[in-house]
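Numbers restart at 1 for each chain; the letters A, B, ... are given by sequence-line order, proteins then strands. On a predicted model such as this, the values are computed, not experimentally measured, just so you know.
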There are 2 protein chains.
Amino acid sequence: MMTEKFPSRLLENAVNEFAKLPGIGRKTALRLVLHLLKQDVADVEIFGHSIIQARTEIKHCKICHNISDGDICNICSQPDRLPEIICVVENIRDVMAIENTRQFTGLYHVLGGIISPMDGVGPADLEINSLIERVRSGNVAEVILALSTTMEGDTTNFFLYKKLKDFNVRISTLARGVSVGDELEYADELTLGRSIKNRLDFESSLSQ
Amino acid sequence: MMTEKFPSRLLENAVNEFAKLPGIGRKTALRLVLHLLKQDVADVEIFGHSIIQARTEIKHCKICHNISDGDICNICSQPDRLPEIICVVENIRDVMAIENTRQFTGLYHVLGGIISPMDGVGPADLEINSLIERVRSGNVAEVILALSTTMEGDTTNFFLYKKLKDFNVRISTLARGVSVGDELEYADELTLGRSIKNRLDFESSLSQ
């Protein structure tokens, strides 16, 4: 497909753009664009503008760094959430996965990734300082480290534990009902719900 | 994922739009949108506009109904193509597949689909009348029926054969080097190239 000749430069442009997306090959990109060419102009304009608008207008919550339409996200702004419990997650997909379990009523802190030297991601690239600041300045009773149970997740958990252990907060981690090596977002809701209810003190999890 | 709570209405809109595409589920849609949120604003604007521009500005060639940037596509407007041979295909992906073999120097006719009563596609939904008009009015020596070797493709081949057999043209079909049941666009270039070189008279292909 590298030498493919497109009958239209406009078609080729759109296919090239789709093929930049992760997991979308050139054949799939062509199928998607040809599908869109058959849709109503108004629908395709809505599609295109929804993407641009998402990119230009979506903000990050000033408290937890979750994706948000406003300065403060709709979780941090709920009056019935417990601000003294902070659940630290890698990304917003994990926030959505935990919210779906309906087992957690505290707030979140979205790191924006995990420490991964192979991918060039160090502590300075993540929202770690802002987490420490939240713990330092707020009435935080507990920090739940809810990162994926991979080597990078364990590394990041341990890094955060060292940074937070001198504050007067409980540091817990998810019960290992989640299989080791699993990506958090693919865990079923029951397992994930149980593992957040049965969360362990981080220090006791080290000896297991 | 049906009860998923999105932290942002803008995010939800963009995910909903992506999830309308064929073969894109909601988890994939979310991944794609989150990927785009990390790209430069300018790149996302180029992406969105390339799709809208493709939909609003791409035309169909007035001769062969291939996708085109102008009124006449860049195949029909090539002076060194043989206008007396017309290769009838289902869609523009098949044009691209045959062009890639570099074995065909005639022109195309893009039907825009094949006869498929199950999908509610009848002869009137396809560019069949315009094909007959081309054969009637032009100096056409041969029509190659190059549809997929599926039941619907065979039905459409036979329908076209009946419409065209009284004109003074050779009606040929692709050599069945392509396995029966295969979608044309997935055939490898060598097989597809050979099958267009060794094309058969349609009547002789009926008895095989």
Please report the shortest heavy-atom distance between A:Leu11 and B:Ile58, naming the atom on each side. N-CD1, 3.6 Å
Look up atom CD1 in B:Ile24 and atom OG1 in A:Thr28, then write down how far apart they are to the nearest 0.5 Å. 7.5 Å
What are the residues of residues 73-92 of chain A, in order of number, with any heavy atom under 4.5 angstrom from a heavy atom of chain B? A:Asn74, A:Ile92
Hey, are A:Ser50 and B:Asn13 close enough side-chain-wise for a donor-acceptor pair under 3.5 Å? no
OG of B:Ser8 to CD of A:Glu57: how many Å apart, nearest 0.5 Å? 9.5 Å
If contact means a heavy atom pair closer than 4.5 Å, which residues of residues 32-41 of chain B contact chain A? B:Leu32, B:Leu34, B:His35, B:Leu36, B:Leu37, B:Gln39, B:Asp40, B:Val41
Rounded at 0.5 Å granularity, tell me how far CZ in A:Arg9 sits from CD in B:Gln53. 6.5 Å
Top contributor to chain A contacts, counting heavy-atom pairs under 4.5 Å, from B:Pro22, B:Gly48, B:Ala54: B:Pro22
CA sep, side-chain torsions, deciding dist, call: B:Arg93, A:Arg31, side-chain contact (heavy atoms from CB on, under 4.5 Å): CA-CA 9 Å; B:Arg93 291 197 298 272; A:Arg31 276 185 179 275; 3.5 Å; yes
Which value, rounded to the nearest 0.5 Å, describes the distance between B:Phe47 atom CZ and A:Lys20 atom NZ? 9.5 Å
Test log, rule side-chain contact (heavy atoms from CB on, under 4.5 Å), inputs A:Phe6 and B:Asp69: CA-CA 11 Å; A:Phe6 282 92; B:Asp69 288 339; over 6 Å; no
For the CD1 atom of A:Ile51 and the CD1 atom of B:Ile52, what is their distance to the nearest 0.5 Å? 8.0 Å
When rounded to the nearest 0.5 Å, the distance separating CG of A:Leu10 from NZ of B:Lys59 is 10.0 Å
side-chain contact (heavy atoms from CB on, under 4.5 Å) for A:Arg55 and B:Asp43? Distances and angles first, verdict last. CA-CA 10 Å; A:Arg55 177 60 189 85; B:Asp43 290 339; over 6 Å; no
